[in-house]
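The figures here come from the full heavy-atom set of this structure, side chains too, leaving out hydrogens, waters and symmetry mates.
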Amino acid sequence: MELSNGVIAFFMFVLGCCIGSFLNSLIWRLPLAGRRITFRGRTGPLTLHWPPSHCPHCHAAVRWQHNIPVWSWLALRGRCADCPNPISIRYPLVELGTGLTFLGLYLAYFVTGWYGTAFAFPERGFVTLIVDLFMCGGLLAISAIDADWFEIPLVIPGLMALVALGSIFWGLQPRLPSLATTSYLGRFAAKFTIGGTVGSLVSIFWIYWRSPAPACGEQTALTSPPASGAGTDAAEVPTPRVHGRVGVILGITVLLVLLLIASWIFLSGKTASLFTLIAGLLLFLLGVLPTSGQPVETLAEEVFEETAVPSARLEMLKESLLLLPPLVLAVAAMAAPIPLPAAEWCQRLFGVLLGALLGGGIVWCARIGGTLAFGRVAMGMGDIYLMAAIGAVLGWPMVWIVFFLAPFLALAWAAVWKLMGRSNVLPYGPWLSVAAILILLLGPPITHWYRLQLFPPAPPHAAPLLAPPAGGSGG
Ligand SMILES: [Zn+2]
């Protein structure tokens with residue numbers, strides 16, 4: 001690795017740890033935002049910046065020298081600086097996990113060549129890196145909030161989709177989705193996208209017109225917070241989740257870090273960068289998924305009961321009517337003579353929108369189909385918005401793989417949990433999120449393989465039917 005690469009890699013790791021520190025704050029504050037609390041004599045709504053970061057036990061403010069990601073927790077030996085109470089190991093794990101995720105992605109794109117030579121820092125692919133890191137940050141926050149509350153705050157997938165849309169003005173980027181309208185099939189797909197997008201907006205407008213803006217995207221309206229039990233006029237500041245078994249978690253963390261170092265010594269750079277990303281995700285999940293404690297199990301049972309409403313099938317039949325506007329308009333648009341500009345940004349726009357339609361559409365169909373089959377609300381509305389945002393960033397060739405990879409990850413984790421004798425009722429958001437981040441690296445080999453099956457190699461002069469995203473074949 002060249003020196004400049006090493007310096008940027010170190011910067012990426014530190015940046016990730018700092019973003020992780022911000023995520024810690026977001027994970028605690030976002031679901032509680034607006035709740036009236038009393039903190040040191042002042043009563044007001046909880047916001048993203050009030051009350052200031054403080055010890056949950058003695059309410060002492062955290063000083064800047066105790067707010068350095070990962071390091072401060074180690075230096076203070078996991079305890080508050082002002083009282084003998086422990087500070088949850090979730091904080092350093094979220095910071096370290098985010099740091100390694102950012103580092104792994106940078107190394108894979110720019111140093112070890114997951115996408116061949118499509119990336120070259122900083123002139124090629126820098127925008128892709130920013131969009132992807134933004135998605136990673138958003139997905140990690142969603143994973144933690146979904147694990148705590150069984151809800152997905154819609155503002156995060158909304159911002160992810162906006163960043164993906166904003167990136168279309170930077171021209172054709174490596175990996176970011178695009179849809180060439182030069183071929184017959186491409187023009188059909190673009191028209192389908194236009195109709196489907198307009199129809200989806202109609203359906204979303206209808207949902208919000210019928211039941212104005214819930215703050216979070218789950219079907220189940222939770223009335224009580226999981227951790228604190230505080231009411232709406234709480235006199236107490238709600239405390240963040242505390243995890244038990246610090247020793248075991250610390251042991252696993254040290255083992256993972258040692259394995260990570262060994263992978264960079266003994267394995268190829270490509271494999272080691274993938275392992276860096278995986279280690280980051282594992283540490284993050286270890287920090288945020290419940291390892292013990294009553295609240296989440298009570299909450300899980302509550303959600304479980306609420307999703308088993310007797311009228312679930314009937315409600316879902318009504319909801320399936322909302323699929324009609326996008327479907328009808330998409331088919332109508334395919335038959336309509338719509339002029340399609342061939343500008344680069346238009347191709348990128350179609351790529352982003354088609355990915356969002358496909359991502360949201362798969363989950364929506366699974367939600368309706370699953371509920372009709374089992375008589376229990378299968379997936380939350382939040383998962384639909386989440387997958388639409390993932391699709392906007394990943395694009396149509398990769399988003400559907402996320403949907404099929406997620407259950408395997410969830411099952412693997414549940415199996416390990418079962419062996420350890422723990423409850424395995426978990427929300428689905430974290431698995432969709434982690435699968436999406438993994439697909440950033442695992443996607444190219446998979447899409448390359450299935451494209452070869454669908455479109456066997458054509459003579460070299462023939463134009464491909466659907467242009468792959470630039471550099472998407474892994475060189
Ligand atoms: Zn304290």
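- Between Arg313 and Leu372, the closest heavy-atom pair is NE-O, 2.6 Å.
- Across Ile87 and Pro56, no two heavy atoms sit closer than the pair CD1-CD, 4.3 Å.
- Side-chain N/O atoms of Thr271 and Ser268 include a donor and acceptor closer than 3.5 Å.
- The side-chain heavy atoms of Asn24 and Arg29, taken from C-beta on, include no pair separated by under 4.5 Å.
- Among pairs with a residue in residues 126-147, those fulfilling ring-ring contact (aromatic ring centres under 6.0 Å, His included) read Phe121-Phe126, at least two apart in sequence or across chains.
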Using distance only, find each side-chain donor-acceptor pair of residues 398-409 under 3.5 Å and give its atom names and separation, not counting sequence neighbours.
| from | atom 1 | to | atom 2 | distance (Å) |
| --- | --- | --- | --- | --- |
| Trp400 | NE1 | Pro397 | O | 3.2 |
| Trp400 | NE1 | Tyr450 | OH | 3.2 |

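- Under the 4.5 Å side-chain criterion, counting only non-hydrogen atoms from C-beta, Thr253 is in contact with Leu96.
- Within the 4.5 Å cutoff, the side chain of Leu394 has heavy atoms near those of the Leu440 side chain.
- Side-chain N/O atoms of Trp73 and Glu95 include no donor and acceptor closer than 3.5 Å.
- Using cut-offs of 30° and 60° on the angle between ring planes, the pair Tyr109 and Phe119 is parallel.
- Remark: side-chain polar atoms of Trp114 are paired, donor with acceptor, to backbone N or O of Lys270 under 3.5 angstrom.
- Note: Leu260 CG to Leu283 CG = 8.5 Å, rounded to the nearest 0.5 Å.
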Pair Ser25, Ser53 - check side-chain contact (heavy atoms from CB on, under 4.5 Å), show working. CA-CA 8 Å; Ser25 167; Ser53 300; 5.5 Å; no
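- What you find for Trp28 and Pro51 is that their closest heavy atoms are CH2-CG, 4.4 Å.
- Looking at heavy atoms from C-beta onward, Ile152 lies out of side-chain contact with Tyr428 at the 4.5 angstrom threshold.
- Every residue meeting the side-chain contact (heavy atoms from CB on, under 4.5 Å) condition with Ser143, not counting sequence neighbours, appears here in chain and number order: Phe284, Pro430, Ser433.
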Give the C-alpha distance, both sets of side-chain angles, the deciding distance and a yes or no for side-chain contact (heavy atoms from CB on, under 4.5 Å) between Met160 and Val163. CA-CA 5 Å; Met160 277 160 50; Val163 168; 5.9 Å; no
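- Rounded to the nearest 0.5 angstrom, Ile19 CD1 and Phe102 CZ are separated by 5.0 Å.
- Ring orientation note: the planes of Trp431 and Trp413 are tilted relative to one another, at an angle of 30° to 60°.
- Within the 3.5 Å criterion, the main-chain N or O of Ile446 finds no donor-acceptor partner in the side chain of His448.
- Remark: of the listed residues Leu386, Ile156, Val393, Leu386 is the sole one forming a side-chain contact (heavy atoms from CB on, under 4.5 Å) with Leu139.
- At distances below 3.5 Å, at least one donor-acceptor pair connects side-chain atoms of Ser203 with backbone N or O atoms of Leu322.
- We find the CG-CG distance between Leu286 and Leu281 to be 12.0 Å, quoted to the nearest 0.5 Å.
- Rounding to the nearest 0.5 Å gives a distance of 12.0 Å between CG of Leu103 and CD1 of Ile8.
- When all heavy atoms of Ala108 and Leu441 are compared, the pair lying nearest together is CB-CD2, 3.5 Å.
- Residues Leu267 and Phe275 form no side-chain contact, since every pair of their non-hydrogen atoms from C-beta on lies 4.5 Å or further apart.
- Looking at Asp146, its side chain does come within 3.5 Å of a backbone N or O of Gly429 through a donor-acceptor pair.
- Using a 4.5 Å heavy-atom threshold, the side chains of Thr47 and Trp50 count as touching.
- Side-chain contact annotation: Thr447 with Arg451, donor-acceptor N/O pair under 3.5 Å absent.
- Judged as a salt bridge (Lys or Arg N to Asp or Glu O under 4.0 Å), and not counting sequence neighbours, Arg79 has no contacts.
- The distance from atom CD of Glu319 to atom CD1 of Ile368, rounded to the nearest 0.5 Å, is 5.5 Å.
- Interatomic distance, Thr371 OG1 to Glu315 CD, rounded to the nearest 0.5 Å: 10.5 Å.
- A search for side-chain contact (heavy atoms from CB on, under 4.5 Å) contacts involving Ile265 returns Ile261, not counting sequence neighbours.
- Closest heavy-atom contact between Leu107 and Ala9: CD2-CB, 4.0 Å.
- In this structure the side chain of Asp82 reaches within 4.5 angstrom of the side chain of Arg63, judged on heavy atoms.
- In this structure, the side-chain hydrogen bond (donor to acceptor under 3.5 Å, both in side chains) partners of Thr112, at least two apart in sequence or on a different chain, are Ser273.
- Judged by distance alone, with hydrogens and angles left aside, the side-chain atoms of Arg124 form a donor-acceptor pair with the main-chain N or O of Thr117 at under 3.5 Å.
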Check against side-chain contact (heavy atoms from CB on, under 4.5 Å), Ile278 and Leu274: CA-CA 6 Å; Ile278 293 174; Leu274 173 66; 3.9 Å; yes
Step by step, would you call Thr276 with Trp264 a side chain to side chain donor-acceptor pair (under 3.5 Å)? CA-CA 9 Å; Thr276 307; Trp264 278 101; 3.0 Å; yes
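- Shown here for Gly125 and Phe110, the closest heavy-atom pair between the two residues is O-CZ, 3.7 Å.
- Donor-acceptor pairing under 3.5 Å is recorded for the side chains of Ser167 and Arg348.
- Looking only at side-chain heavy atoms (C-beta outward), Cys55 and Val62 stay at 4.5 Å or farther from each other.
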